[in-house]
Amino acid sequence: MAHPSRRAPLFAVVAFALAAAIASIAARAVQHRERARSHDELVRRTPAIGRAGYVGSAACAPCHPAAHATWAATYHRTMTQRAGPDSVLAPFDGRTLSGPGGPHRPLRRGDEFWAELPDPEDKLARAAAGLPIEHVSAVMRRVVMTTGAHHMQVYWVESPRDRRLHAFPSAWLTDEQAWVPVESTLLRPPQGDVVYTWNRACVPCHAVAGQPRIDGAGVDTRVAELGIACESCHGPGRAHVDARRSPLARYASHLSPGPDPSIVHPARLDHRRSAELCGQCHGVARFPDEDAWLARGDPFRPGEPLAPHRQLVRHPVREAQPWLDAVLDEDPEYLAGRMWSDGHVRVTGREYTALLETPCFQRGELSCLSCHQLHGADPDDQLSAAAGGDGACASCHVLADIPAHTRHPAGSVSCYDCHMPRTSYGLLKAIRSHVIDSPDLATTLATGRPDACSLCHVDRPLAWTAGHLRAWYGQPEPELDADQRTVSAAVLWAISGDAGQRALAADALGRGGDAGPDWRAPILAHLLADPYDAVRQIAARGLRGLPAAAGVAVDPLAPAAVRDATAAAILTHWRAGPRPAADPARLVDGARDHDIAALRALADRRDDRPIDLKE
C-alpha cells in the first residue's frame, strides 16, 4: 500500500494534468467560437452566395473530378475570393503605404486581414456633398475579399453599413512582389483621390450570375458563386444535378446520342454561341436597362443569344449604331478609351469585341475555343496545346512553304507575331490583338496603332518596314517624314507618341533587342520621367533586365528627383560598358554615345493629349 505522503504528489500531477486538459479544451472551444464568429462576419460583409437554379462548382466535382480540378487550377477561379490565409497573396505586415488618397496600412490579426485607411465612406459622402476630402479621418476596416491572383491582386474592405465593398488604396503586383497604388496600375492621367466600389463595376464579370441589388435602401449584392466558375459557361446546374441523382439516369444519359438538355456544353455550340459565352464578360458592351441590371442582375444564360442582353459596341466605322450617339454625348471619349480609330480594340479583357471584327470569325468558324481551352491548358493564358506555335492558324491556312510566306527563317516568328501583334494594353503590359489582320503601314499612320514589324524589329524605322512590305507583298509605300525614315519606330512612339503608344513601345523595347551591346537602356531610362505611372512601370520592368541597370534600384513611383538620379546612374553605367555602333535609328551618335540632343528634340514633340484606357 502506497504511503499517503507519496500519493499526494501523484494526485497533484493528475490534478494539474486534468486542469491543463480542461484549459486546452476550453481554449480550443474559444478558438472555434472565434473562428466561427469571424467567418460569420466575413459572410455578412461580402456578397451573399446562392441563387435559384444554381448549385455551385463544388456540386460538379463528384461526377466531373478531372474537369473540376483543371478549372480549380485556373485564374478564373481565383478572380474573386473571400479574404483569408489561402487567398491573400500580399504581406499584410503593418508597413505604411502612400498614395493619392493618403497613408494606409495593411495588417494581419491571426487569420484576419485588416486595413487602416482614410474612411472611404466619409470620402464618398463628402464628395457627394461637394466638400473637400483631403482631411478624412483614418478608420480600421477588415479586408474581406480579393480580386485577381495572376498579375495583381486588389483588396476590398468592408462597409459598416451593408455589403458594399471599397478598394484598399494599394494593390499587390505578383511579378514585382510590390505594393503600388491602385491608381498607378491604370493608364490614365493622375486622378487624385478615387474610391472604387466593387458592387457596381466588378460584379458583372468577377462572379457567377451577379446581382448588384443597389437601391436607395442600400446594397445587398448577391452572386451564385464568387470567381468565374462552372456555371458561368455551362449555365445553372440545378436541373442537371437533379436529373442525374439516379445512377440509371446517368447511364441513360451516357447512352443517349443527343446532347444533354439540362446543361450547356460550350464545345457543342456553334462558333457564334460559344464565343458569346466569353463575350458576356470579354466584350465592349452596355446593359440595355441599367436600372434593371442594378436591381436584379443580368438575365443572360449560357446558350442564349447575347445580343438581347447586351448592347454590343462596335465602332461607327464598322457599324452604325444610333443608340451609341447618346453614349458619346455623355462621354465623348468612350470609344477612344477602348478602341483605335478604325475599331480595333486597344484594351485587354475585350477580346470578344475584337473577334467580331475578324474575317476568320465573320466568314469562317473561328471562335474563342479554336485557341483557348478552359480545362487542362496552361493556366497562364489557357491556350490549348493545338494552338501552340502556328497550330491554330495552320488548321485552316495550309502553307506549303511558311518561310517563303513570312520571309523569315523557319521558327523565328509565329503567325501570331505578324497577324496578332501586341497592340492592346492592360495589366501594365502589351497584349496580343484579337483582331486578326496583316501589317499595313497606311493603317498605322492613320490610326497610330503600331505595326507588327516595328514591335518586333524595335531598332528599325518605318522606312525599313515600308521597303520590305513593298518588296515582299507589293504594298504601296506611304509618304514618311524625316524622323519616320531615320529613327526606330519603337523609339519614336516611346518618346513622341501618346501615352498608349508609349506604353506599347516601352513594352516592346523591354522585350526586344538583338545580340551585341545594348542600346535600349538610355531610351527606357528616359521613360522614368514619363507623366504616366503605368508607362514608367513598364519601362522599369524592361530596365531591370538590362546590364546598365544592374545594381541600380529602379523605383518608377519614386519622387521625380529620385527617378532623375536613377536615370542618370543608368546612363553612366551604360557609357562604361560596351557601346553599340553609331546608328541614328537607335539614337546612338557618331561618337557611339547616346544622342541626347536628338532625344530632346523628339521629346519636345510628345503627344500629351490625355489618354484614359478602360481596361
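All residue numbers in this chain count up from 1 along the given sequence. Quick caveat, the model's predicted, so the values are computed rather than measured.
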Can you establish whether the number of heavy atoms outside [X] located under 6.0 Å from its atom [atom1] is more than 12?
| X | atom1 | result |
| --- | --- | --- |
| E365 | CD | no |
| R363 | CZ | no |
| E330 | CD | no |

Side chains of [X] and [Y], donor plus acceptor under 3.5 Å:
| X | Y | value |
| --- | --- | --- |
| T146 | W156 | no |
| S262 | H240 | yes |
| N199 | T197 | no |
| S38 | E112 | yes |
| D380 | H150 | yes |

Problem set entry | Side-chain donor/acceptor of T406 to backbone N/O of I402, under 3.5 Å |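 Yes: the side chain of T406 pairs with the backbone of I402.
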Exercise. Does the S370 side chain pair with the main chain of S367, one donor and one acceptor, at a distance under 3.5 Å?
Worked result: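 Looks like yes, one N/O pair under 3.5 Å.
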Just so I know, are the side chains of [X] and [Y] near enough to count as touching, which here means a heavy-atom distance under 4.5 Å?
| X | Y | answer |
| --- | --- | --- |
| I611 | Y532 | yes |
| T221 | V203 | yes |
| P316 | L335 | yes |

I'd like to know if [X] pairs up with [Y] as an ion pair, taking the criterion as any Lys NZ or Arg NE/NH1/NH2 lying under 4.0 Å from an Asp or Glu carboxylate oxygen.
| X | Y | value |
| --- | --- | --- |
| E615 | R350 | no |
| R244 | D260 | yes |
| R164 | D162 | yes |
| D417 | R432 | yes |

Spatial distance of atom [atom1] ([X]) from atom [atom2] ([Y]) [nearest 0.5 Å]:
| X | Y | atom1 | atom2 | answer |
| --- | --- | --- | --- | --- |
| I214 | L294 | CD1 | CG | 5.5 Å |
| Q373 | L383 | CD | CG | 10.0 Å |
| I228 | Q280 | CD1 | CD | 8.0 Å |

Exercise. In terms of ring plane angle, is the pair H265 and H234 parallel, tilted or perpendicular, where the classes change at 30° and 60°?
Worked result: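 It falls in the perpendicular class, over 60°.
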Problem set entry | Parallel, tilted or perpendicular: rings of F287 and W293 (30°, 60°) |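 Judged by the thresholds at 30° and 60°, the geometry between W293 and F287 is parallel.
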Problem set entry | Residue pairs involving residues 203-227 (criterion salt bridge (charged side-chain N to carboxylate O under 4.0 Å, His left out); sequence neighbours excluded) |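 Applying salt bridge (charged side-chain N to carboxylate O under 4.0 Å, His left out) to every pair that reaches into residues 203-227, excluding sequence neighbours, yields R163-D220, R213-D220.
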Problem set entry | Check against salt bridge (Lys or Arg N to Asp or Glu O under 4.0 Å), E333 and R338 | CA-CA 9 Å; E333 299 302 315; R338 296 163 174 83; over 6 Å; no
Problem set entry | For S159, the option from E121, H166, R45 that meets side-chain hydrogen bond (donor to acceptor under 3.5 Å, both in side chains) |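 Single pass found, and it is E121.
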Problem set entry | Validation row, ring centre F168 to ring centre W179 under 6.0 Å |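 F168 vs W179: aromatic centres under 6.0 Å.
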For this session: Check the pair L89 / T174 against side chain to side chain contact (heavy atoms under 4.5 Å, CB included), numbers first and verdict last.
Result: CA-CA 8 Å; L89 302 179; T174 56; 3.8 Å; yes
Problem set entry | Trace of the salt bridge (Lys or Arg N to Asp or Glu O under 4.0 Å) decision for R188 with E183 | CA-CA 9 Å; R188 68 185 195 184; E183 271 294 294; 2.6 Å; yes
Exercise. Any side chain to side chain donor-acceptor pair (under 3.5 Å) pairs touching residues 298-316, not counting sequence neighbours?
Worked result: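 Residue pairs with at least one partner in residues 298-316: Y54-R301, D298-R310, E304-H309, R314-E319, R314-E357.
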Problem set entry | Of all pairs that satisfy side chain to side chain donor-acceptor pair (under 3.5 Å), the ones with a partner from residues 421-430, not counting sequence neighbours |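 Sorted pair list: H151-K429.
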For this session: Go through the steps to decide whether R238 and D242 satisfy the test salt bridge (Lys or Arg N to Asp or Glu O under 4.0 Å), and finish with yes or no.
Result: CA-CA 6 Å; R238 170 57 63 193; D242 289 347; 3.4 Å; yes
For this session: Take I49 and V223 through the test side chain to side chain contact (heavy atoms under 4.5 Å, CB included) and record every step on the way to the result.
Result: CA-CA 5 Å; I49 294 178; V223 302; 4.1 Å; yes
